[in-house]
J.: 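First the structure, then my questions, so here it is.
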Amino acid sequence: MVKVDEALWQRRWKEARLFSVSDHPPQEAKTYYVLEMFPYPSGRIHMGHVRNYTLGDVVARYKRAQGFTVLHPMGWDAFGLPAENAARDRGVHPATWTRENIAAMRTELQSLGLSIDWEREFATCDPEYYGRQQDLFIDMFEHGLVDRRESAVNWDPVDQTVLANEQVIDGRGWRSGALVEQKRLSQWFLRISAYAPALLAGLNNLPRWPERVRLMQEAWIGRSEGAEIQLALDTPIQDHRAITIYTTRADTLYGMSFVALAVDHPLSAACAISDPAVAAFLADCRRLGTSEAAIGSAEKRGIDTGLQIRHPLIPGRTVPVWIANFVLMDYGSGAIFGCPAHDQRDLEFARLTDLPVLRVVRSDTGEDAPIGSVAYTGPGTMMNSGSADGLSSDEARARIVDLLIEQGIARRVVNWRLRDWGISRQRYWGCPIPIIHCTSCGAQPVPRHDLPVLLPDDVSFDLPGNPLDRHPTWGVVPCPRCGRTARRETDTFDTFVDSAWYFARFCAPRASQPIDREAATRWLPVDQYVGGIEHAILHLLYARFFTHALRDLGRLDVSEPFSGLFTQGMVTHETYRTGGGQWVYPDDVDRSPEGARLRATGEELQIGRVEKMSKSKCNVIAPSAIISRYGADTARWFVLSDNPPERDMEWTENGAHGCSRFLQRIVRLCEEISGRKIDTGSTGHECGPVQRSLLRAQNRTIASVTEALEHFAFNVAIARIHEFVNTLADAAQAGEPGLNTALHAAVNVLCRLICPMVPHVAEHIHSALCPASDRLVAEMPWPVADASWLIVDRVTVAIQVMGKLRGTIEVPVDAPAEIVLETALREPTVARAVGDRSILKKIYVPRRVLNLVVQE
RNA sequence: GCGGGCGUGGUGGAAUGGUAGACGCGCCGGACUCAAAAUCCGGUUCUGGCAACAGAGUGUCGGUUCAAGUCCGACCGCCCGCACCA
């Protein structure tokens, strides 16, 4: 086995500072910014990292070979809960734990041979970073983008912290998996909702994003056009004279059979004062809370308040007001009107409570029967709707809203589903929120000359909750305005804030300002961002928001952070269990086509589903083990070659082994060729057939690999390289004058083509080919195909009879149709298929196919 | 329920509407070896046939076309996202 000295080449690249770029590249340089989502420093890299960073590295190396000045940085998303858990469980300080993990992971990442500018590295827990984040926050504070308010929050009882809506998945905390509870707390918010229109519109400027990510964000932002209508109460209660409802279906107003209030609606509370049954109902709903409601399909429940509103279009008609558990307080106005015939939810509620169901829209197919158990939600023609009868539902919607506007009881509004971003976390290991609370002056931002607000080191984790709260002195500071004793904010930022602007900091990581505007303008937006689909909403939306906001604050000149986005699939592996149900690591398994056995005991194992690699199922393969056994290039080659990168890939021992074998084969073949003498002085002879076909293959490969890399089709690029190596190996068997020169040239091209994928192997074979050269493949230009070798003189044409393949013939490329037909008919299988039937039609697609249509 | 995506050999997958299964993995056979590993050569969609060849074949059914894995319609299955958003 040939050993490629990967560390040697990594050293050479580093010494040559090949991957270092300036914050301010010269004007004439073509720049390209490649970024992969930076990792959380858990201590070890996993296969997902290998895939992620290899994909990005291929792009970075490819673009560099094409003459771009490539920015390809790396850093650490270093704040977060696991560090505190380690502190609590093992008594290590979060900072120590994090620094040690970073050091270990950096070593592992560097062993992959990534073309990263390590001089730009930073961690979000560096005061140089988070202090500048505080600076940006104060900018936002001063521009009204920060808000403090008491709100019902999602409380994670395990992590003892507040979660954003986005961080609650199926009613559970995204990290702990614990059922989320409702709590009321004073929280800091970033007003992302103010940017809802811009964030929605901006999606149209992101053609190089996956369609589905844009759709997910669009749905999350959730624009809705409708109307707010004031419905007058028949009898005012306390100060309430009317109920404001929000609707997108004003056309169905004639079918209204109830109004429903959210449990938390102020009017609900007003009713509860005089009505014990309502009070009990409200208490009941609150007790269930969202936690339980979110788990499954909570039953629809409601209670009649006894209140009535006057129908705005039908004089004398009143409609009952209910309180219902399915009405959301924080969307629209917290109250709705119900038209059961044309809304499924309203229908279910009406059936439950025996409220009337009146059809007011006839479907376009003329259906006007009474509604059963399925509401009709489509468009149609109005019926049972007074003066609106006969109008289309679209016309009626506009007409009715106009009418109500004239009456002064309605206005058109646009509603958004996107809520403000709650960023307060009751944790220690995060960026302190730079605010001072003064009993007389209120919440004051920390003066900029006092930044950064550093985390204190002397904290303890032996009690639950936030250690910053318990610190004896850290929180005590003078009020920046009046000088009296005040208290620091002890909450820290959600760590998604840290990752919302790191890509901008990378442009000039040592700048005194948070963002060097000139450098950022030069490099941003990121040309190619690579990461997991799991960040489709959270991280990517926050980063977009920050970029829009920072532009408005004069910190940036771009609106969108990432012009190209690629979302890679997961790395999966088979799972194994013992008869007792214990998960077993693949390392401890002997796997054969017959089945799997525990290596230590020979016990037969159950082979489970192929699942995402995870420690809990033990189906993980440590990249370090693969690298030390086969080398980084084998790992890189495998994650690229297995399948298209956007899909989930399955890691298999066989696959990795096969990749290693192929790389070995390349090395052996190229070393053998390199050892041959170049035939000097015999240049006069004609280029033989072997050389010609080699040259054709070589140039075709350059063209097809280039094309594949442009489209992220790395598996196809690798298939083309396989084909080329097969051709090269065949050619090396032949004997022909001048062949060795051609073989050498082919190896030279090969090492440049594989360099983005397997850079160490590329350098190794190049150094064997040109031992005297001190040039590195990593700094060599991308090969360009010689167009003259892409031209073929003869082509294989498929011959079809009645669309069925009957044979293939070889003809000159420019052969006229008649010649092709003649040649085709001389082919026995074609002649037999045609028989004595006459040819009605001939379709000749030059260079590809001839289809003969014959009489039946 | 709504939105999006995907169904191709034993397997991962390839294929601007123009020779389906490139390339790899696995498997089978052979060479080398005392043997194993490594390496090399050959075969490998299914059915029939010694073969030449013929028939079938890209989830199912239908359509457009000289020609459909690819385009259109309906259905089945799987995956992902969202979901009382009024």
Side-chain angles (χ1 to χ4, degrees), chain A residues 1 170 210-220 222-224 226 245-250 252 260 262 293-294 297-300 324-328 330-339 342-346 348-349 374 377 415-419 533-534 536-537 593 637-638 641-644 646-650 652-659 661-662 664-665 668 704 708 713 715-726 729 733 796-809 828-829 832-833 840-854:
Chain A
M1 184 158 146
D170 292 334
E211 173 79 4
R212 62 175 177 147
V213 174
R214 280 180 295 173
L215 285 166
M216 281 162 73
Q217 292 214 349
E218 193 182 316
W220 191 265
R223 183 179 194 272
S224 140
I245 56 103
Y246 172 75
T247 182
T248 56
R249 290 297 306 271
T252 64
S297 45
E299 294 275 309
K300 284 192 175 45
N325 64 344
F326 65 91
V327 179
L328 304 173
D330 52 1
Y331 184 79
S333 58
I336 61 159
F337 86 82
C339 174
H342 303 291
D343 183 286
Q344 192 59 34
R345 274 174 320 232
D346 296 350
E348 283 165 25
F349 190 67
V374 180
T377 55
N415 249 316
W416 303 86
R417 187 179 169 278
L418 184 67
R419 314 290 157 70
I533 186 73
E534 65 273 22
I537 294 177
W637 192 256
F638 186 30
S641 66
D642 189 58
N643 64 356
E646 67 275 14
R647 295 196 206 166
D648 291 352
M649 72 160 287
E650 186 186 350
T652 60
E653 176 59 34
N654 277 335
H657 191 238
C659 288
R661 263 178 17 206
F662 178 74
Q664 287 287 316
R665 181 170 169 232
R668 270 198 317 272
S704 55
N715 56 326
V716 180
I718 283 177
R720 298 294 164 254
I721 287 168
H722 269 279
E723 286 171 319
F724 182 46
V725 169
N726 290 342
Q733 298 294 309
T796 306
V797 172
I799 309 300
Q800 299 179 339
V801 178
M802 301 300 281
K804 258 182 179 314
L805 182 74
R806 293 300 170 183
T808 57
I809 58 168
T829 49
R832 212 177 315 134
L840 299 178
K841 205 169 168 185
K842 313 176 266 282
I843 296 105
Y844 179 53
V845 181
R847 314 174 55 157
R848 291 203 169 271
V849 70
L850 172 70
N851 191 8
L852 301 176
V853 183
V854 299

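Just so you know, these numbers come straight off a predicted model, no measurement behind them.
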J.: Between A:Thr377 and A:His342, does a side-chain contact (heavy atoms from CB on, under 4.5 Å) hold up when you go through it step by step?
T.: CA-CA 5 Å; A:Thr377 55; A:His342 303 291; 5.6 Å; no
J.: With a cut-off of less than 4.0 Å, is there a side-chain N or O of A:Arg661 near OP1 or OP2 of B:U39?
T.: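 Result: yes.
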J.: Have a look at B:G9 and give me syn or anti from its glycosidic angle (syn if within 90° of zero).
T.: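 Base orientation relative to the sugar is syn.
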J.: Under 3.5 Å, is there a donor-acceptor pair between the side chain of A:Asn415 and the main chain of A:Ser224?
T.: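 No.
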J.: Could you pull out all residues at least two apart from A:Arg212 that satisfy salt bridge (Lys or Arg N to Asp or Glu O under 4.0 Å)?
T.: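 Expected list: none.
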J.: If we take the C1' atom in both B:U19 and B:G10, what is their distance in whole Å?
T.: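 Here B:U19 and B:G10 have their C1' atoms 25 Å from each other.
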J.: If the cut-off is 4.0 Å, is A:Arg665 near the phosphate of B:C40, judged by side-chain N/O to OP1 or OP2?
T.: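 Yes, within the criterion.
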J.: Nearest whole Å is fine: how far is B:G12 C1' from A:Glu653 CD?
T.: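 Going from A:Glu653 (CD) to B:G12 (C1'), I get 16 Å.
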J.: Without decimals, in angstroms, what is the distance between A:Phe638 CZ and B:G13 P?
T.: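 The answer, rounded to whole Å, is 11 Å.
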J.: Of the candidate nucleotides B:C40, B:C84, B:C82, which contains the atom at the shortest distance from the side chain of A:Trp220?
T.: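 My answer, after comparing the listed nucleotides, is B:C82.
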J.: Under 4.0 Å, counting only non-hydrogen atoms across every strand here, what does A:Asn726 touch: a base, just sugar-phosphate, or nothing?
T.: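 Sugar-phosphate: the residue A:Asn726, judged by heavy atoms under 4.0 Å, touches backbone atoms but no base.
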J.: Whether A:Ser224 contacts B:A86 is assessed here as follows: a side-chain N or O lying under 4.0 Å from the phosphate OP1 or OP2. Is that the case?
T.: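 It does, given that an N or O in the side chain of A:Ser224 lies less than 4.0 Å from OP1 or OP2 of B:A86.
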J.: Check nucleotides 15-22 of chain B against the protein and report each pair of N or O atoms closer than 3.5 Å, with its distance, or say if there are none.
T.:
{"unit_1": "B:A22", "atom_1": "O2'", "unit_2": "A:Glu723", "atom_2": "OE2", "d": "2.6"}

J.: Would you confirm whether A:Arg847, through its side chain, and A:Val845, through its main-chain N or O, come within 3.5 Å as a donor-acceptor pair?
T.: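 No, the answer is negative, given that no donor and acceptor are paired below the 3.5 Å cut-off.
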J.: P atom, B:A14 versus B:C82: distance in rounded Å?
T.: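 The same atom, P, in both gives a distance of 27 Å.
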J.: Atom CD in A:Glu723, atom CD1 in A:Ile718: separation rounded to 0.5 Å?
T.: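 The distance works out to 12.5 Å.
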J.: Can you tell me how far C1' of B:A83 sits from CZ of A:Arg419, to the nearest Å?
T.: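 These atoms are roughly 13 Å apart.
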J.: I'd like to check the side-chain hydrogen bond (donor to acceptor under 3.5 Å, both in side chains) partners of A:Gln217; sequence neighbours left out, ordered by chain and number.
T.: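 For A:Gln217, the residues satisfying side-chain hydrogen bond (donor to acceptor under 3.5 Å, both in side chains) (neighbours in sequence not counted) are A:Arg544.
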J.: For A:Arg806, answer base if it contacts any base atom (sugar-phosphate contacts may also be present), sugar-phosphate if it contacts only those atoms, and nothing otherwise; contact means non-hydrogen atoms under 4.0 Å.
T.: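 A:Arg806: backbone/sugar contact only, no base atoms under 4.0 Å.
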J.: How long is the span from the CD1 atom in A:Ile533 to the CE atom in A:Met216, to the nearest 0.5 Å?
T.: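 If I round to the nearest 0.5 Å, the distance is 5.0 Å.
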J.: Which sits closer to the 5' end of RNA chain B, A:Ile718 or A:Met802, going by the nucleotide each is nearest to?
T.: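 Result: A:Ile718.
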J.: State which of B:G13, B:G3, B:C80 makes the closest approach to the side chain of A:Arg212.
T.: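 Nearest to the side-chain atoms of A:Arg212, counting from C-beta on, is B:C80.
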J.: Taking the same atom, P, in B:G9 and in B:C46, what whole-Å distance lies between them?
T.: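 Looking at atom P only, B:G9 and B:C46 are 12 Å apart.
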J.: For nucleotides 43-53 of chain B, tabulate all protein N/O to nucleotide N/O atom pairs closer than 3.5 Å, reporting atom names and distance.
T.:
none

J.: Side chains of A:Ile336 and A:Tyr331: closer than 4.5 Å at any heavy-atom pair?
T.: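 Contact flag for A:Ile336/A:Tyr331 side chains = no.
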J.: Write down the distance between CG (A:Asp648) and P (B:G5), rounded to a whole number of angstrom.
T.: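 About 18 Å, once rounded to whole Å.
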J.: On RNA chain B, does the nearest nucleotide to A:Ile336 precede the nearest nucleotide to A:Asn654 from the 5' side, or the other way round? Give the residue.
T.: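 It is A:Asn654 whose nearest nucleotide is closer to the 5' end.
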J.: If I take atom CD in residue A:Gln733 and atom C1' in nucleotide B:U39, what distance separates them, rounded to the nearest angstrom?
T.: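 Going from A:Gln733 (CD) to B:U39 (C1'), I get 13 Å.
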J.: On a whole-Å scale, what distance lies between the C1' atoms belonging to B:A67 and B:G49?
T.: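 Taking atom C1' in both B:A67 and B:G49, they lie 29 Å apart.
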J.: Indicate, with a heavy-atom threshold strictly under 4.0 Å, whether A:Lys842 touches base, sugar-phosphate, or nothing.
T.: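 Since no nucleic acid heavy atom lies under 4.0 Å of A:Lys842, the category is nothing.
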J.: Between A:His722 (NE2) and B:G12 (P), how many Å, whole number?
T.: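 Roughly 17 Å, once rounded to whole Å.
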J.: Taking the C1' atom in each of B:C23 and B:G13, what is the distance between them to the nearest angstrom?
T.: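 One C1' to the other, the span is 9 Å.
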J.: Taking B:C6 as the reference, what is the distance to B:A86 when you measure between their P atoms (whole Å, please)?
T.: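 Those two atoms are separated by 28 Å.
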J.: Measuring from A:Leu328:CG to A:Ser333:OG, what's the distance to the nearest 0.5 Å?
T.: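 Going from CG on A:Leu328 over to OG on A:Ser333, the span is 11.0 Å.
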J.: Does a nitrogen or oxygen in the side chain of A:Arg647 sit under 4.0 Å from OP1 or OP2 of B:G13?
T.: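 So the side chain of A:Arg647 is within the cut-off, an N or O lying under 4.0 Å from OP1 or OP2 of B:G13.
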J.: Could you grab the distance from atom CG of A:Leu805 to atom CG of A:Asn851, nearest 0.5 Å is fine?
T.: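 Result: 10.0 Å between the selected atoms.
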J.: Only Watson-Crick and G-U wobble pairs with both distances less than 3.5 Å should count. Give RNA chain B in dot-bracket notation, marking inter-strand partners with |.
T.: (((((((..(((.....[....)))((((((.......))))))((((....))))..(((((..]....))))))))))))....
J.: In whole angstrom, give the distance that lies between atom NE2 of A:His657 and atom P of B:C25.
T.: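 Distance check: A:His657 NE2 to B:C25 P gives 11 Å.
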J.: If I take atom CG in residue A:Asn415 and atom C1' in nucleotide B:A86, what distance separates them, rounded to the nearest angstrom?
T.: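 Result: 10 Å.
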J.: Among residues at least two apart in sequence or on other chains, which ones pass ring pair (Phe, Tyr, Trp, His ring centres under 6.0 Å) with A:Phe638?
T.: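 Result, ring pair (Phe, Tyr, Trp, His ring centres under 6.0 Å) vs A:Phe638: A:Trp651.
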J.: Measuring from A:Met649:CE to A:Asn643:CG, what's the distance to the nearest 0.5 Å?
T.: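 One finds 6.5 Å between CE of A:Met649 and CG of A:Asn643.
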J.: Measuring only the P atom in each nucleotide, how far is B:C80 from B:C75? A whole number of Å is fine.
T.: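 My reading of the P atoms in B:C80 and B:C75 gives 23 Å.
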J.: Set out, in order, the CA-CA distance, both residues' side-chain angles and the distance that settles salt bridge (Lys or Arg N to Asp or Glu O under 4.0 Å) for A:Arg249 and A:Asp343, then state yes or no.
T.: CA-CA 9 Å; A:Arg249 290 297 306 271; A:Asp343 183 286; over 6 Å; no
J.: Determine the interatomic distance between C1' on B:G59 and the same-named atom on B:C76; round to the nearest Å.
T.: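 My reading of the C1' atoms in B:G59 and B:C76 gives 7 Å.
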J.: Tell me whether A:Lys300 forms a cation-pi arrangement with A:Phe349, defined as NZ or CZ under 6.0 Å from the six-membered ring centre and within 45 degrees of its axis.
T.: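 No, A:Lys300 does not lie over the aromatic ring of A:Phe349.
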